[in-house]
Amino acid sequence: MFYLTTAIDYTNGAPHIGHAYEKVLADVIARYRRLRGDDVYYLTGVDQHGQKVQQTAEKDGVNPATYVKRVTKGFTHAWEKLGLDYDGWAETTNPLHKECVQGILQRLFDEGQIYKQRYTGFYSIRQEQFLTDKERNDDGTFAEEWGEVEERDEENYYFKLSDHIGWLKQYVESHEDFVIPAFRKADVVNAIERAEGTDLCISRPKERLRWGIELPFDTDFVTFVWFDALINYISFAGYNKAEGSDLPDFDQLWPAQIHIIGKDILVPSHSIYWTCMLHAIGFSNDQIPSLLVHGWWNIKKKADDGAAVAGSEKMSKSLGNVVDPVALVDTFGQDAVRYYLVRDIHTGRDSDYDMDRLVGLFNSELANNLGNLCNRALNMTKRYSGGITVASDYDDETSQQLRASLDTVLEKYRRHMDKYEISFALEAVIEFISGTNVYAEQHKPWEIAKDETKTDELNTVLNHMVEAVALASVLLKPVIPSACKRIQTQLNAEHLGTILLDDLKWGILPIGQEVAKPKPVFPRIQLEE
RNA sequence: GGCAGGAUAGCUCAGGGGUAGAGCGGAGGAUUCAUAAGCCUUAGGUCCGGAGUUCAAAUCUCCGUCCUGCUACCA
């Protein structure tokens, strides 16, 4: 079983392209694993509790439950538009989740891993945390970023993080695959150093925060984000589920192969808190998931005249440059957006969002290269052999080379996809398609069609072209599933929809295949000036 | 301040001790099966700066500069 998760998004605003990227990346990986024949469980969802939701709802004059429902709809709608095919949907207000969270809290409390302590200090409402002197400006005031700050004398519950840090340190040292890509490991090691000796505050008094899950052993408190949101990875996988529950079978799913997260939540929340929580709950070293850490989409800068210029800026509401994924899909289509989001970023690194590149990549790689190949191949098959591929004994060096290139492509594709390096895998497929276009020029089937003595060669060339399109449609399926389906419909080869990667070899289309009338699968995007 | 990542063609980036690479964009050409797509040719670079190691450095080492992120602010 290949179980993968994404971060669950905070329901305090509409999804933007960064949210969309993570979910598409996970979707591509999930679909790739299915193509490999794995059983896959893809879990994503939303984090609905917390002070900011409570406050925003109040401002809107609705109760938090209503507010959260509305914002959640925005997410599910966006994911539908992007064609995400997830198996589980995590909502932290779900009663099943609450039950699981409370069960875990009660047990850890009974085991003495959670204790109560008084703390006096200054509290930032906006950031939902206590501040220390190190957050003060030189003149003793707190910086603006903390918002309203008030003095508090509070009792709270703490999780004995310090009991597990020693174990975590060893675990991280001895497990090279814990953090992907590897260069992120240093951040984790540093963060562990800093975390040593401190425990984790896991509660908020109810008079401050009502919108959360009650502590089972003290109803004056709700649990803070950690023992709520992070638990979703196991609660919705069926951990400690009740008899007759619809949740999946936990033993089948756990451990997750990867938690897909952004670089902003690697430390301390996932690498330290969550991993120590798992250890405290009782999971062993081989039941700890790896963390796949992706980068961010920044926004490409443009000159005033729209010309390309170096540099980028962060996406932010104040700069007014937030990119709405739903609007993008409405304008350019699901395939263009999905393709761009995993093609133009190297997993783990940052990239700059640029609409011109989105359009450019779609037009050059999908429309011109693959779409046009599909179109010309089917068109000539229709025109020169009645739309049916015909057996032929003709063979030559270029045909052999094209067939041989498939092995190179498959090797490269698998190697990169297995490491979640989608952009490099796509590069390999594009090379293959481009090679097929070159192959067509080498043989010029539109010329040899006029020469009756070359019918055998013509048939071989057409077979090779159609076959290459079929192969590409399978390899690209994880990224652009709906377009690939349309290609396969034109090829009249629905059986390709269920073929596995291991069964992919030259000749997946039978001789005598009757293809349909071609229709552009990727209409070129024309930008209005 | 510490740690990490980055700096290579107009743009996006690969690569990595031995003649600088790809895609896109630009310029030119031969074509017409095709989505004005495809194919061929071509121009463009002090590989951030400096020093060192080496027969040889874009690559390794050191010292800087600039950008990004995380994190910490002690005398």
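Every chain is numbered from 1, with letters handed out A, B, ... down the list of sequences.
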Novice: Using the P atom as the reference point in each nucleotide, state the distance between G28(B) and C48(B) in Å, no decimals.
Specialist: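 So the two P atoms sit 32 Å from each other.
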
Novice: Taking for each residue the nucleotide of RNA chain B bearing the nearest heavy atom, is the 5' side occupied by Pro523(A) or by Ala186(A)?
Specialist: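 Closer to the 5' end of RNA chain B: Ala186(A).
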
Novice: Measuring only the P atom in each nucleotide, how far is A9(B) from G69(B)? A whole number of Å is fine.
Specialist: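 Taking atom P in both A9(B) and G69(B), they lie 23 Å apart.
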
Novice: Classify Asp344(A) by what it touches in the nucleic acid, base, sugar-phosphate, or nothing, heavy-atom distance under 4.0 Å.
Specialist: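 Sugar-phosphate contact only.
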
Novice: Give me the distance, rounded to whole Å, that separates A7(B) from U12(B) when you measure between the P atoms they each carry.
Specialist: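 Nearest-Å result for A7(B) against U12(B) at atom P: 12 Å.
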
Novice: Quick one: which of U35(B), G5(B), U68(B) gets closest to the side chain of Lys263(A)?
Specialist: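 Closest nucleotide to the Lys263(A) side chain: U68(B).
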
Novice: Rounded to the nearest angstrom, tell me the gap between atom CZ in Arg376(A) and atom P in A34(B).
Specialist: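 About 10 Å, once rounded to whole Å.
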
Novice: Considering only atom P, compute the distance from A58(B) to G2(B) and round it to an integer number of Å.
Specialist: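 After rounding to an integer number of Å, I get 28 Å for this pair.
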
Novice: Quickly work out the Arg184(A) CZ to C3(B) C1' distance and round it to whole Å.
Specialist: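 Distance, rounded to whole Å: 12 Å.
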
Novice: Taking the side chain from Asn363(A) and the backbone from Ile525(A), do they hold a donor-acceptor pair closer than 3.5 Å?
Specialist: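 It does hold such a pair.
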
Novice: May I ask you to verify if any side-chain N or O of Asn372(A) is less than 4.0 angstrom from the OP1 or OP2 atom of G38(B)?
Specialist: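 Checking G38(B) against Asn372(A), no side-chain N or O comes under 4.0 Å of OP1 or OP2.
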
Novice: Applying the Watson-Crick and G-U wobble criteria at under 3.5 Å, what pairs with A9(B)? Answer none if nothing qualifies.
Specialist: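 Base-paired to nothing in any strand shown.
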
Novice: What is the nucleic acid contact for Gly360(A), judged by heavy atoms within less than 4.0 Å: base, sugar-phosphate only, or nothing?
Specialist: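 Here Gly360(A) touches no strand at all.
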
Novice: Look at the side-chain N and O atoms of Arg357(A) and state whether any lies under 4.0 Å from the OP1 or OP2 oxygen of C13(B).
Specialist: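 No, no such contact exists.
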
Novice: Under 6.0 Å between the ring centres of Tyr353(A) and His16(A)?
Specialist: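 No, they do not, as the ring centres are separated by 6.0 Å or more.
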
Novice: What's the CG-P distance between Asn369(A) and A34(B), to the nearest Å?
Specialist: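 It is 18 Å, rounded to the nearest whole Å.
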
Novice: Sticking with atom P, work out how far U41(B) lies from G49(B), rounded to a whole angstrom.
Specialist: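 About 32 Å, rounded to a whole number of Å.
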
Novice: Counting only Watson-Crick or G-U wobble pairs whose two distances fall under 3.5 Å, which nucleotide matches U19(B)?
Specialist: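 U19(B) is paired with nothing.
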
Novice: Look at all strands and tell whether Tyr384(A) reaches a base, only sugar-phosphate, or nothing, counting heavy atoms closer than 4.0 Å.
Specialist: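 Sugar-phosphate contact only.
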
Novice: How close or far is atom C1' of A36(B) from atom CZ of Arg524(A), stated in whole angstroms?
Specialist: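 Atom-to-atom, Arg524(A) to A36(B), this comes out as 8 Å.
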
Novice: Taking only Lys NZ, Arg NE, NH1 and NH2, and the carboxylate oxygens of Asp or Glu, determine whether Asp27(A) and Lys23(A) approach each other closer than 4.0 Å.
Specialist: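 No, Asp27(A) and Lys23(A) are not salt-bridged.
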
Novice: Side chain of Glu441(A): nearest nucleotide among G23(B), G69(B), G38(B)?
Specialist: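 Looking only at side-chain atoms, Glu441(A) lies closest to G38(B).
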
Novice: Which base, if any, makes a Watson-Crick or G-U wobble pair with A4(B), both distances under 3.5 Å?
Specialist: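 The answer is U68(B), by the H-bond criterion.
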
Novice: Without decimals, in angstroms, what is the distance between Phe424(A) CZ and A14(B) C1'?
Specialist: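 Computing the Phe424(A):CZ to A14(B):C1' distance gives 6 Å.
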
Novice: Centroid-to-centroid, His19(A) to Phe75(A), below 6.0 Å?
Specialist: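 They qualify: ring centres under 6.0 Å apart.
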
Novice: If you pin Pro445(A) and Arg194(A) to their nearest nucleotides in RNA chain B, which one's is more 5'?
Specialist: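 Its nearest nucleotide being more 5', the pick is Pro445(A).
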
Novice: Considering only C33(B), A4(B), C39(B), which nucleotide approaches the side chain of Asn437(A) most closely?
Specialist: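 Nearest to the side chain of Asn437(A) among the choices is C39(B).
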
Novice: Among U35(B), C3(B), A14(B), which nucleotide has an atom closest to any side-chain atom of Asn190(A)?
Specialist: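 My answer, after comparing the listed nucleotides, is C3(B).
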
Novice: Which is true for Val189(A) with a 4.0 Å heavy-atom rule: it touches a base, it touches only sugar-phosphate, or it touches nothing?
Specialist: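 No contact.
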
Novice: How about Phe159(A) and Trp226(A): are their ring centroids closer than 6.0 Å?
Specialist: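 For Phe159(A) and Trp226(A), the ring centres are not under 6.0 Å apart.
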
Novice: Between Arg357(A) and Asp352(A), is there a side-chain N and carboxylate O pair less than 4.0 Å apart?
Specialist: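 No, Arg357(A) and Asp352(A) are not salt-bridged.
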
Novice: When we call it a touch if two heavy atoms are under 4.0 Å apart, what does Ser434(A) touch: a base, just sugar-phosphate, or nothing?
Specialist: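 The answer is sugar-phosphate, as Ser434(A) gets under 4.0 Å only of primed atoms, P, OP1 or OP2.
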
Novice: Syn or anti for G21(B), with syn set at within 90° of 0?
Specialist: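 In terms of base orientation relative to the sugar, G21(B) is anti.
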
Novice: Test for a donor-acceptor pair under 3.5 Å between the base of A37(B) and the side chain of Asn368(A), counting only N and O atoms.
Specialist: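 Side chain to base: no pair below 3.5 Å.
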
Novice: Rounded to whole Å, please give me the gap between CD in Gln526(A) and P in A36(B).
Specialist: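 For the pair Gln526(A) CD and A36(B) P, the rounded distance is 9 Å.
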
Novice: Out of C40(B), A34(B), U35(B), which has the shortest distance to the side chain of Ala367(A)?
Specialist: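 Closest nucleotide among those given: U35(B).
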
Novice: Which distance, rounded to the nearest 0.5 Å, do you find between the CZ of Phe362(A) and the CG of Asn368(A)?
Specialist: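 One gets 9.5 Å once the value is rounded to the nearest 0.5 Å.
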
Novice: Ion pair present between Glu193(A) and Lys169(A), side-chain N to carboxylate O less than 4.0 angstrom?
Specialist: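 Answer for the salt bridge query: yes.
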
Novice: OP1, OP2 of U12(B) versus side-chain N and O of Arg349(A): anything below 4.0 Å?
Specialist: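 So the side-chain polar atoms of Arg349(A) never come under 4.0 Å of the phosphate oxygens OP1 or OP2 of U12(B).
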
Novice: Figure out the NZ/P separation between Lys517(A) and C33(B), and round it to whole Å.
Specialist: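 So the two atoms are 17 Å apart, to the nearest Å.
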
Novice: Given the C1' atoms of G17(B) and U53(B), what is the spacing between them in whole Å?
Specialist: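 Here G17(B) and U53(B) have their C1' atoms 11 Å from each other.
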
Novice: If we take the C1' atom in both C11(B) and A72(B), what is their distance in whole Å?
Specialist: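 Per the computed distance, 37 Å lies between those C1' atoms.
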
Novice: Using the P atom as the reference point in each nucleotide, state the distance between G5(B) and C60(B) in Å, no decimals.
Specialist: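 The same atom, P, in both gives a distance of 12 Å.
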
Novice: Write down the distance between CD1 (Ile433(A)) and C1' (C39(B)), rounded to a whole number of angstrom.
Specialist: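 Answer to the nearest Å: 16 Å.
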
